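Each remark here refers to the structure printed beneath this line.
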Amino acid sequence: MASNNISRRQALTVAVGIAAAAGADGVFAAAPRRPNILWVVSEDNNPFIGCYGDKLARTPTIDALAQHGILYRNVYSNTPVCAPSRFGILTGIYPESCAPANQMRAVAQFPREFATYPEFMRKAGYWCTNSAKTDYNCSVDPAAIWDGQGKEAHWRSRPDDRPFMAVFNYGVSHESQLIGVTEGAVQPAQVRIPGYLPDTPGIRRDYASYYNLIEKMDGQIAARLAELDADGLADDTIVFYYSDNGGVLPRSKRYCYDEGHRCAMVVRVPDKWRHLAPVGPGSSIDTPVSFIDLAPTVLSIAGLAAPAQMQGRAFLGDRIQPSVGLSFGMRNRMDERIDFCRTVTDGRWRYIRNYMPHRPWGQHQAFAWQLRSYQEWDATHREGKLNPAQARFFGQKPYEELYELGSDRDQLVNLVGDGSATAVLRRMRSAIDEQMLSINDNGFLPEGMAGEGFIPSRDRRVYPLRRVMALASAAARRDPRKLALLRGNLTSPIPVLRYWAATGLLMLGDKAAAARAELRALASGDPSPHVRIAAAEAVAGLGDGALALSVLAPLARDASSWQLQLHALNALTFMPSQPAILPLAREVAISEVLYVRSAARYLAATLDGSFTPAMRIFDLQLMLKKMKESGGEA
């Protein structure tokens, strides 16, 4: 997709396409009246909702919306965590197209010639408000794009009778609410525990709390809809309910399984605007819908064409576009842990590709491990009491995974290698490859390496994506027959190719012994710190721990780049222990960067033997301090 070398103001004018009708204030008075749009957005939940067939759920408000609206059965966030997901919703751009928006949490540079969906809507005459969560993972200033932004933002603040686009976010179902216990109608004995989890009291407690939190959320949505009715606006307002990413129970949020990506979405379209809907009230749609489709959809409802920047497809409005029938998802850094996965689903099958299979699924993450369910899963693992399906989370990953969701809802039976699934596997592989190329996926660039971003990463002298994909695939397959290919790329003039060559040799372990001398030279002298980190961890695995530490320690201490500190700390966490690592970890554990502090604290606790899964690694006071300083997200 080509970028547009035009200003943001020009982009807005081009997108609405009716600049001649605009008055001096930019409101398009000549345009026909359009419906109001209300988004009620819950945080962090899978469809534990009655209209999705969950018999334990108590969600009468959402169920009623579905009865009078459209139920989308296969709805997916494009990332299994909030900040990258919200970047895609706001901009219509996949976060991995504009690194570091694909990392959790970062500040990507949103191209100046592009605009967000509320900017387009405002130019078309809508009054746009957001209450109150932003967390957009990029350089966009929330105050500049909304007519009203903050807890008090409301459609009632509009100065006249113009149509509104109002967003309300509900945090009662957020991950943080599971740190305690929420009593309610659903009791721990009633819940179903999936096959990948042990059946422990804490896990049952968190599942029951989750149901009870969603019931509370449903009540909050009911109160908002009652306001709409009281204002006499229900017949003029299209209402969307959706959740911003998948759930927060273990192996959901941050992970590329269905539980991480699958969300709920119900849309109620009043009779007056029925012509903007593809089906009638009370209908359901099975075709997959992704959150990357939300921005072009609201523009379509407003009668606007989506600009070229937007990579999704409108599913409501004047400009409904045919679905590709697939939803794509991703994972790169999640909090303090570095990983790299890509996934695709058609609603029946889910394919996952792991580019860093040497890292376990269950890397300790300080925030998530505040949940008792994660603590008990980890503790039961350390006690050796898990069965193979439950223990898999703490082991290394395969390069590829393929699951048939109808017969295997918990995604336990990997069908890669099963002859009956060969055609599906080929189709899904091709879909991932085509998607990564078409959106110029930045994910192969380690965070902070030159070339990140929507426009810079299109320079093939810096980021030859097709070559990088082939090399990273060879690396992640951990095939010793690719040793010569990996060694040959250690001398490439392109840093990202050297990085994946070194990472591939790291993943080969002892089978890369023939490349020890080249890796030592790379660790000691490569101009790219990311390459030095990968090479250092590789040589540590080949017995050169002292050299590795001499490379990694200065980078772990260097507070000028917390991203590089994290890369170094992750390498130190997984390489063979050296006596000098413990004092280094304790030194860095006082960092004012929350992710760096968490990674260093965990490393120190594991090295000195004090770590237990229930140990409080996450520093809540530092998070609150950072939130106060930033005026919002930590």
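These numbers were taken from a predicted model, which means no experiment stands behind them. The figures that follow rest on heavy atoms only: side chains count, while hydrogens, waters and symmetry mates do not.
To the nearest 0.5 Å, the span separating SG on Cys51 from CG on Asp63 amounts to 4.5 Å. Taken to the nearest 0.5 Å, the NZ atom of Lys397 stands 5.5 Å off from the SG atom of Cys341. Of the inter-residue distances, the one linking Leu233 atom CG with Leu38 atom CG reads 10.0 Å to the nearest 0.5 angstrom. The distance from atom CG of Leu249 to atom CD of Glu175, rounded to the nearest 0.5 Å, is 9.5 Å. If you take CG on Asn169 and CH2 on Trp39, they are separated by 10.0 Å, rounding to the nearest 0.5 Å. Separation of atoms CG (Asn137) and SG (Cys98) is listed at 10.0 Å; rounding is to 0.5 Å.
A salt bridge between Arg224 and Glu227 is present, with a side-chain N of the basic residue lying under 4.0 Å from a carboxylate O of the acidic one. Electrostatic pairing of Glu336 and Arg597 does not count as a salt bridge here, judged by no charged N lying under 4.0 Å from a carboxylate O. A salt bridge between Arg158 and Asp147 is absent, with no side-chain N of the basic residue lying under 4.0 Å from a carboxylate O of the acidic one. Under a 4.0 Å N-O distance rule, the pair Asp335/Arg254 qualifies as a salt bridge. Comment: Lys253 does not engage Glu259 in a salt bridge, judged by the lack of any side-chain N to carboxylate O separation of less than 4.0 angstrom. Between Arg105 and Asp135 there is a salt bridge, since a side-chain N of the basic residue sits under 4.0 Å from a carboxylate O of the acidic one. Looking at Glu537 and Arg359, a side-chain N of the basic residue comes within less than 4.0 Å of a carboxylate O on the acidic one, giving a salt bridge.
Side-chain atoms of Arg262 never come within 3.5 Å of backbone atoms of Val75 as a donor-acceptor pair (strictly under, hydrogens ignored). In terms of modelled atom types and a separation under 3.5 Å, the side chain of Thr59 and the main chain of Ile62 share no donor-acceptor contact. Judged purely by atom type and a 3.5 angstrom limit, Ser131 uses its side chain to pair as donor or acceptor with the backbone of Lys151. In terms of modelled atom types and a separation under 3.5 Å, the side chain of Gln311 and the main chain of Tyr94 share a donor-acceptor contact. Remark: the backbone N or O of Ile338 is paired with a side-chain donor or acceptor of Gln363 at under 3.5 angstrom. Without hydrogens or angle criteria, Asp619 side chain to Leu622 main chain gives a donor-acceptor distance under 3.5 Å. Judged by distance alone, the side chain of Asp293 and the main-chain N or O of Ser290 form a donor-acceptor pair under 3.5 Å. No donor-acceptor pair closer than 3.5 Å links the side chain of Asp44 to the backbone N or O of Gly247. Although no hydrogens or angles enter the test, the distance criterion places a donor-acceptor pair under 3.5 Å between the side chain of Ser139 and the main chain of Phe110. The backbone N or O of Leu603 sits less than 3.5 Å from a side-chain atom of Thr606, completing a donor-acceptor pair.
Across every non-hydrogen atom of Gln396 and Pro357, the tightest pair is CB-O, 3.3 Å. Here the shortest heavy-atom pairing between Ser577 and Leu607 reads OG-CD2, 3.4 Å. Pairing each heavy atom of Ala185 with each of Asn212, the nearest pair is N-OD1, 3.4 Å. Across all their heavy atoms, Asp258 and Gln411 have their closest contact at N-OE1, 2.7 Å. Residues Ile203 and Leu197 share a closest heavy-atom pair of CG2-CD1, 4.1 Å. The shortest heavy-atom contact between Tyr52 and Ala264 is OH-CA, 3.5 Å.
Between Tyr210 and Phe48, a ring centre-to-centre spacing shorter than 6.0 Å is recorded.
For Gln190, the CD atom sits in a packed shell: over 12 heavy atoms of surrounding residues, nucleotides or ligands are nearer than 6.0 Å.
Looking at heavy atoms from C-beta onward, Thr343 lies out of side-chain contact with Phe328 at the 4.5 angstrom threshold. At least one side-chain heavy atom of Leu549 sits less than 4.5 Å from a side-chain heavy atom of Leu572.
Between the side chains of Thr380 and Glu383, no donor-acceptor pair of N or O atoms lies under 3.5 Å. For the residue pair Asp378 / Trp369, a side-chain donor-acceptor distance below 3.5 Å is found, with atom types taken as modelled. When only modelled atom types and interatomic distance are considered, Glu96 and Asn442 share no side-chain donor-acceptor pair under 3.5 Å. Judged purely by distance below 3.5 Å, without hydrogens or angles, the side chains of Asp231 and Trp155 pair a donor atom with an acceptor atom. Checking Thr79 against Arg331 by side-chain atom types alone, no donor-acceptor pair falls below 3.5 Å. Side-chain contact check for Thr573 and Asn570: no donor-acceptor pair (N or O, by modelled atom type) lies under 3.5 Å. Between the side chains of Thr61 and Tyr241, no donor N or O sits under 3.5 Å from an acceptor N or O.
Among the candidates Glu376, Arg205, Gln375, the single residue satisfying the side-chain hydrogen bond (donor to acceptor under 3.5 Å, both in side chains) test with Thr200 is Glu376. Considering Tyr602, Phe618, Phe394, Phe393 in turn, Tyr602 is the only one that fulfils the ring pair (Phe, Tyr, Trp, His ring centres under 6.0 Å) rule with His364. Under the side chain to side chain contact (heavy atoms under 4.5 Å, CB included) rule, Ser77 has a single partner from Ser327, Cys82, Ser85, which is Ser85.
The side-chain tip of Arg58 does not point at the ring of Tyr211 from less than 6.0 angstrom away and within 45° of straight on. Tyr207 does not carry Arg192 over the face of its six-membered ring by the limits of under 6.0 Å from the centre and within 45° of the normal. A cation-pi arrangement is not found for Arg86 relative to Tyr136, the charged atom failing to lie both closer than 6.0 Å to the ring centre and inside a 45° cone about the ring normal.
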Practice prompt. Given side-chain contact (heavy atoms from CB on, under 4.5 Å), test Tyr117 with Leu90 step by step and report yes or no.
Written response: CA-CA 6 Å; Tyr117 80 81; Leu90 181 74; 4.2 Å; yes

Item to complete: Applying side-chain contact (heavy atoms from CB on, under 4.5 Å), run through Tyr170 and Ile221 and close with a yes or a no.
Response: CA-CA 8 Å; Tyr170 297 92; Ile221 291 173; 4.2 Å; yes

Discussion item. Would Asp339 and Trp361 count as a side-chain contact (heavy atoms from CB on, under 4.5 Å) here? Give the steps.
Written reply: CA-CA 9 Å; Asp339 206 339; Trp361 288 279; over 6 Å; no

Item to complete: Go through the steps for Phe164 and Ile37 under the test side-chain contact (heavy atoms from CB on, under 4.5 Å), then give the verdict.
Response: CA-CA 6 Å; Phe164 65 78; Ile37 303 170; over 6 Å; no

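Ring-plane geometry between Tyr374 and Tyr255 is classed as tilted, the angle between the planes lying from 30 to 60 degrees on a 0 to 90 degree scale. Note: His174 and Phe367 have perpendicular aromatic rings, judged against thresholds of 30 and 60 degrees for the angle between ring planes.
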